[in-house]
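Every heavy atom of this structure was used, including side-chain atoms; hydrogens, water molecules and symmetry mates were not.
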Amino acid sequence: MRAVKGNFGYLKAKRFQVLIRTILYFAIALALFIAGYVTTGTRKNLLTVVAVLGCLPACKSMVQLIMLFRAKGCSEEDHRILARLEGRLVGMYDLYFTSYQKNFAVSHMVVDGKVILGYGKKGECDLKACEEHLQTMLKQGGFKDITLKLSDDLEKYGKQLENLNQMEGQGNPEKEDEIRVLLYEISL
């Protein structure tokens with residue numbers, strides 16, 4: 001399964017990919033170390049140095065794996081509900097934003113003109129801090145006057161989506177795509 005950021009199930013597919021990659025990287029480093037030890041009878045050889053250097057990308061991959069296991073995606077039940085409510089809007093699923101202070105799991109988001117709506121499960125996301133973080137990132141990305149509203153109540157969020165769908169799309173599709181790309185870039 002190919003992991004495409006913003007699609008439902010992205011985090012699950014990405015976890016599997018990174019898990020396989022991490023295991024492979026550590027296996028290569030271990031194989032190099034064992035090959036050097038078997039051929040020379042000592043740890044003090046060039047293959048040991050290469051194996052230790054091979055641990056750098058393996059450890060980087062391990063950090064990414066840990067972050068992906070901490071990230072919670074959209075549940076199947078919520079996905080079924082939200083997919084029906086999207087209408088003309090482009091839904092973004094399984095977004096996990098990181099900041100210096102906190103991490104924010106946002107299950108679903110839509111962009112329409114200068115309005116961004118998002119849904120995060122109750123208890124999994126500090127909505128106020130997430131809004132502030134995303135506003136800051138949007139301003140740094142050159143997007144001003146964006147209305148950003150996050151909710152942890154699925155019914156309320158569903159009504160917001162319905163209202164947004166009933167309004168005529170006033171935004172510029174290219175600008176909306178740029179905002180989506182920025183959101184994808186700053187998410188895990």
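Using a 4.0 Å cut-off between charged side-chain N and carboxylate O, D78 and K121 make a salt bridge. Ion pairing of E176 with R180 is present here, as a side-chain N (NZ or NE/NH1/NH2) and a carboxylate O approach within less than 4.0 Å. Ion pairing between D94 and K12 fails under the 4.0 Å rule for side-chain N and carboxylate O.
Considering only heavy atoms from C-beta on, L188 stays 4.5 Å or farther from R70 through its side chain. Residues L47 and T40 are not in side-chain contact: their nearest non-hydrogen atoms beyond the backbone lie 4.5 Å or more apart. Taking 4.5 Å as the limit, every side-chain heavy atom of V90 sits out of range of all side-chain heavy atoms of V111. Counting heavy atoms from C-beta outward, T22 and Q64 have side chains that stay 4.5 Å or more apart. Side-chain contact between S61 and V18 is present, with heavy atoms from C-beta onward closer than 4.5 Å. A heavy-atom distance below 4.5 Å is found between the side chains of F26 and M62. Between K114 and T147, every side-chain heavy-atom pair lies at or beyond the 4.5 Å cut-off. Counting only heavy atoms from C-beta outward, the side chains of E178 and F143 approach each other to under 4.5 Å.
Going from atom CD1 of I28 over to atom CG of L30 covers 11.0 Å, rounded to the nearest 0.5 Å. Interatomic distance, CG of N165 versus CG of L89, reported as 4.0 Å (0.5 Å rounding). The distance from the CG atom of L32 to the CG atom of L46 is 10.0 Å, given to the nearest 0.5 Å.
Linking Ile, Leu, Val, Met, Phe, Trp and Tyr residues whenever their side-chain heavy atoms come within less than 4.5 Å places M92 and I146 in a single cluster. Linking Ile, Leu, Val, Met, Phe, Trp and Tyr residues whenever their side-chain heavy atoms come within less than 4.5 Å places I179 and M109 in a single cluster. Residues Y119 and L148 are members of separate hydrophobic clusters, defined by side-chain heavy-atom contacts under 4.5 angstrom among Ile, Leu, Val, Met, Phe, Trp and Tyr. A chain of hydrophobic side-chain contacts below 4.5 Å, direct or via other Ile, Leu, Val, Met, Phe, Trp or Tyr residues, connects V106 to I116. Linking Ile, Leu, Val, Met, Phe, Trp and Tyr whenever their side-chain heavy atoms come within less than 4.5 Å leaves L95 and L154 in two separate clusters.
In this structure, the side-chain contact (heavy atoms from CB on, under 4.5 Å) partners of L19, at least two apart in sequence or on a different chain, are I23, L65. Contacts of E162 classified as side-chain contact (heavy atoms from CB on, under 4.5 Å), with partners at least two apart in sequence or in another chain: L85. Every residue meeting the side-chain contact (heavy atoms from CB on, under 4.5 Å) condition with Y37, not counting sequence neighbours, appears here in chain and number order: R43. With sequence neighbours excluded, the residues forming a ring pair (Phe, Tyr, Trp, His ring centres under 6.0 Å) with H79 are F8, Y93, listed by chain and number. Listed by chain and residue number, M67, Y96, N103 satisfy the side-chain contact (heavy atoms from CB on, under 4.5 Å) test with T98 (two or more places apart in sequence, or in another chain). Scored by the ring pair (Phe, Tyr, Trp, His ring centres under 6.0 Å) test, F104 finds H133 as partners (sequence neighbours excluded).
Residues S107 and G73 come closest through the heavy atom pair OG-O, 4.3 Å. The shortest non-hydrogen separation linking A29 to A51 is O-CB, 3.2 Å.
A donor-acceptor pair under 3.5 Å links the side-chain atoms of K5 to the main chain of S187, judged by distance alone. Panel note: side chain N7, backbone Y10; no donor-acceptor pair is recorded below 3.5 Å.
For NZ of K72, the number of neighbouring non-hydrogen atoms (other residues, nucleotides, ligands) closer than 6.0 Å is 12 at most. In Y184, the OH atom is crowded: over 12 heavy atoms of neighbouring residues, nucleotides or ligands sit closer than 6.0 Å.
Below 30°, between 30° and 60°, or above 60°: for Y157 and H108 the angle between ring planes is above 60°, a perpendicular geometry.
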